[in-house]
Amino acid sequence: IVRSGGGRYYQEQEQIYTVVTLYNVPFELELSALLAKMREYGNFLNHLNCTHEEFPTIHNGTQKYKMELKSFPPSTFFWR
């Protein structure tokens, strides 16, 4: 793991990617809208919906994205 500018960068099989974590994502928000917003900041490689540890069928609002960033996303997103 190499740290640079407060972010974490990983290298896997000659591919450099960053894990971007979003917290408190409303469950009503469609995945396609969220992915469209994230694609503004880079190439989307993978997506993970996190769940509660004790209740694995209940999503906790945290989502992780493996991305090749072309620019850094803002620290806060607002949805209307």
Side-chain angles (χ1 to χ4, degrees):
I1 298 173
V2 178
R3 288 178 176 258
S4 174
R8 288 187 180 176
Y9 299 89
Y10 303 88
Q11 185 168 0
E12 181 178 278
Q13 299 177 356
E14 302 301 321
Q15 184 178 33
I16 297 176
Y17 64 89
T18 303
V19 176
V20 177
T21 303
L22 301 180
Y23 298 96
N24 302 316
V25 177
F27 68 91
E28 302 93 353
L29 187 60
E30 291 189 28
L31 181 59
S32 59
L34 190 55
L35 292 179
K37 186 67 174 174
M38 294 303 293
R39 283 188 183 105
E40 294 178 14
Y41 303 101
N43 297 325
F44 166 77
L45 303 173
N46 198 352
H47 168 256
L48 173 67
N49 268 327
C50 299
T51 60
H52 287 282
E53 186 175 327
E54 294 179 17
F55 305 99
T57 59
I58 300 175
H59 296 282
N60 64 8
T62 301
Q63 297 187 11
K64 295 188 178 200
Y65 296 88
K66 186 192 301 187
M67 299 182 68
E68 291 177 321
L69 292 179
K70 61 182 178 184
S71 65
F72 288 101
S75 60
T76 305
F77 286 105
F78 294 99
W79 299 93
R80 297 178 195 247

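We count residues from 1, following the sequence as given.
Within the 4.5 Å cutoff, the side chain of Leu34 has heavy atoms near those of the Leu22 side chain.
A 6.0 Å sphere centred on CD of Glu53 holds no more than 12 heavy atoms belonging to other residues, nucleotides or ligands. The environment of Glu54 atom CD is sparse: at most 12 non-hydrogen atoms of other residues, nucleotides or ligands sit within 6.0 angstrom.
Atom OH of Tyr65 sits about 10.0 Å away from atom CG of Leu48, to the nearest 0.5 Å. In this structure, Thr62 OG1 and Asn24 CG are separated by 7.0 Å, a value rounded to the nearest 0.5 Å.
Between His47 and the choices Gln63, Lys64, Met67, the side chain to side chain contact (heavy atoms under 4.5 Å, CB included) rule is met once, by Gln63.
Contact record, Pro73 with Val20: CG-CG1, 4.4 Å, taken as the closest heavy-atom pair. Asn60 and Thr51 get closest at one heavy-atom pair: ND2-O, 3.6 Å.
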